[in-house]
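Worksheet for the structure shown next.
Sequence lines set the chain letters: A, B, ... in the order given, protein chains first and strands last, and positions in each chain run from 1. FYI, side chains are in, hydrogens and waters are out, and symmetry mates aren't considered; it's all heavy atoms of this structure.
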There are 2 protein chains.
Amino acid sequence: MGASKTESFSFEQNEMATLFKALSHPARIAIVDYLLTVDSCICGDIVNELPLAQPTISQHLKELKNANIIKGTIEGTAICYCINPDTIDKIENHFGMIRHKLKNKCC
Amino acid sequence: MGASKTESFSFEQNEMATLFKALSHPARIAIVDYLLTVDSCICGDIVNELPLAQPTISQHLKELKNANIIKGTIEGTAICYCINPDTIDKIENHFGMIRHKLKNKCC
DNA sequence: TTGTTTTATCGTAATATTGCAATATAATAA
DNA sequence: TTATTATATTGCAATATTACGATAAAACAA
């Protein structure tokens with residue numbers, strides 16, 4: 001064993017787990033943070049911003065892109081990455097649901 | 001290589017990454033879901049609810065506990081787990097911040 | 001005490017993630 | 001065309017995660 005038993009869980013559960021997994025690394029949190037501080041959706045100077053090698057950043061960007069947390073558009077030789085607000089909405093809604101269910105609970 | 005370069009990132013970035021990592025597995029999402037559906041904070045019949053062996057559930061519960069997403073109180077031989085609303089708050093605040101910074105952005 | 005029930009831990013195999021050097025690809029410039 | 005720049009992919013070593021059988025520990029009952 002060792003692999004996750006994803007087939008045992010619902011689509012929604014797997015979907016949320018995938019979103020959280022994409023955000024489960026400090027470098028990827030830092031990338032999201034950085035994309036939020038720059039006013040325009042600046043591209044690969046993320047490599048200059050973070051203490052990781054270019055292939056490593058590229059890999060983290062790919063994971064964020066696969067999870068739909070960011071999207072990238074080609075601009076000449078560069079690629080412009082930015083946050084996907086729809087996915088942020090989806091995560092916020094999930095916590096809204098949790099918050100709602102948590103009302104009138106003990107503990 | 002292979003280990004995360006956690007020391008290269010801020011406390012907050014590591015903290016959020018740790019929270020998301022705790023939620024990055026469908027079984028742990030399912031545990032949180034289940035704890036939200038039961039009215040009282042029911043304990044280890046999570047084992048009966050999920051298609052995973054007892055040691056595996058115990059391990060997942062430990063990770064959720066370490067991340068402060070759930071807390072457990074001893075009740076005789078059983079242990080009663082429930083959601084920690086403070087941690088839910090913390091995550092919601094993080095997305096509140098993202099939402100706020102995302103206002104007036106292009107892409 | 002012994003037995004029962006419930007949860008945690010140990011040990012280990014299978015698999016996944018992280019990080020980077022080397023290399024490849026894509027778009028533009030000269 | 002060749003060069004340059006920016007990003008992606010490959011390959012691999014180090015490490016982490018997942019899952020579970022076996023076993024231990026903790027709380028109570030008889």
Side-chain angles (χ1 to χ4, degrees), chain A residues 1-9 13-14 17-31 34-35 38 40-67 69-82, chain B residues 1-9 13-14 17-31 34-35 41-67 69-82:
Chain A
M1 321 288 138
S4 289
K5 298 176 92 177
T6 51
E7 67 297 344
S8 304
F9 302 99
Q13 286 166 342
N14 278 296
T18 300
L19 286 178
F20 292 134
K21 179 177 267 174
L23 294 170
S24 74
H25 192 287
R28 295 195 289 271
I29 297 285
I31 289 172
Y34 180 70
L35 287 177
V38 281
S40 60
C41 22
I42 289 296
C43 9
D45 29 25
I46 300 170
V47 174
N48 299 319
E49 193 69 16
L50 299 191
L52 294 171
Q54 181 268 323
T56 308
I57 299 286
S58 185
Q59 197 173 276
H60 284 306
L61 287 170
K62 190 181 182 183
E63 288 178 63
L64 288 170
K65 213 179 353 174
N66 286 342
I69 290 170
I70 63 174
K71 35 188 179 178
T73 48
I74 298 169
E75 288 195 359
T77 39
I79 294 189
C80 172
Y81 283 109
C82 61
Chain B
M1 324 286 138
S4 289
K5 297 177 91 178
T6 53
E7 69 294 345
S8 303
F9 301 98
Q13 287 166 342
N14 279 297
T18 300
L19 286 179
F20 292 132
K21 179 176 268 173
L23 294 170
S24 74
H25 192 286
R28 295 195 287 272
I29 298 285
I31 289 173
Y34 180 70
L35 288 176
C41 20
I42 289 295
C43 7
D45 30 23
I46 300 169
V47 174
N48 299 319
E49 195 69 16
L50 299 192
L52 293 171
Q54 181 268 325
T56 308
I57 298 286
S58 187
Q59 199 172 273
H60 283 307
L61 286 169
K62 190 182 182 181
E63 286 177 63
L64 287 170
K65 213 177 358 173
N66 286 343
I69 290 170
I70 63 174
K71 34 188 179 178
T73 47
I74 299 169
E75 287 196 0
T77 38
I79 294 187
C80 172
Y81 283 109
C82 62

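- In this structure, the side chains of A:Tyr34 and A:Leu50 stay at 4.5 Å or more apart for every pair of heavy atoms.
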At under 4.0 Å between heavy atoms, how does the protein contact nucleotides 22-30 of chain C? Give one character per nucleotide, 5' to 3', with B, S or -. B----BS--
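- The side chain of B:Tyr81 places an N or O atom within less than 4.0 Å of a non-bridging phosphate oxygen (OP1 or OP2) of C:dA8.
- Comparing C:dT7, D:dT18, C:dT18 by their closest approach to the side chain of B:Arg28 singles out D:dT18.
- When the P atom of D:dA13 is taken as reference, atom NZ of B:Lys5 falls 20 Å away, rounded to whole Å.
- Put simply, CD1 on B:Ile46 is 14 Å from P on C:dT6, counting in whole angstrom units.
- Between A:Glu63 and B:Ser58, the residue anchored nearer the 5' end of DNA chain C, judged by the nucleotide with its closest heavy atom, is B:Ser58.
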List the steps and the verdict of side-chain contact (heavy atoms from CB on, under 4.5 Å) for B:Lys5 and B:Glu7. CA-CA 6 Å; B:Lys5 297 177 91 178; B:Glu7 69 294 345; 3.9 Å; yes
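- For D:dA19, neither phosphate oxygen OP1 nor OP2 lies less than 4.0 angstrom from any side-chain nitrogen or oxygen of B:Thr56.
- Counting to the nearest Å, the C1' atom of D:dT17 and the CG atom of B:Leu52 are 14 Å from each other.
- Atom P of nucleotide D:dT15 and atom CD of B:Glu7 are separated by 13 Å, given to the nearest angstrom.
- With hydrogens and angles ignored, the 3.5 Å screen pairs a side-chain donor or acceptor of B:Arg28 with a backbone N or O of B:Lys21.
- Put simply, CG on A:Leu50 is 14 Å from P on C:dT18, counting in whole angstrom units.
- Remark: A:Ala67 pairs with A:Leu19, A:Ala22, A:Ile69 by the side chain to side chain contact (heavy atoms under 4.5 Å, CB included) rule, at least two apart or across chains.
- Here the side chains of A:Glu49 and A:Asp45 are not in contact, with every heavy-atom distance at 4.5 Å or above.
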Hey, mind stepping through B:Ile29 and A:Asn14 against side-chain contact (heavy atoms from CB on, under 4.5 Å) and telling me if it holds? CA-CA 8 Å; B:Ile29 298 285; A:Asn14 278 296; over 6 Å; no
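- The interatomic distance linking B:Asp45 (CG) with C:dT7 (C1') rounds to 13 Å, in whole Å.
- Taking atom CG of B:Leu64 as the reference point, atom P of C:dT7 lies 15 Å away to the nearest angstrom.
- Dashed line: the shortest gap from a side-chain N or O of A:His60 to OP1 or OP2 of C:dT17 is not under 4.0 Å.
- One interatomic measurement links the two molecules: CD1 of B:Ile29 to P of D:dT18, which rounds to 12 Å at whole-angstrom precision.
- Close to C:dA8, at under 4.0 Å from its OP1 or OP2, lies a side-chain N or O of B:Lys65.
- The shortest distance between the side-chain N/O atoms of A:Lys21 and the OP1/OP2 oxygens of C:dA16 is not below 4.0 Å.
- By the 4.5 Å heavy-atom criterion applied to side chains, B:Leu64 and B:His60 are not counted as neighbours.
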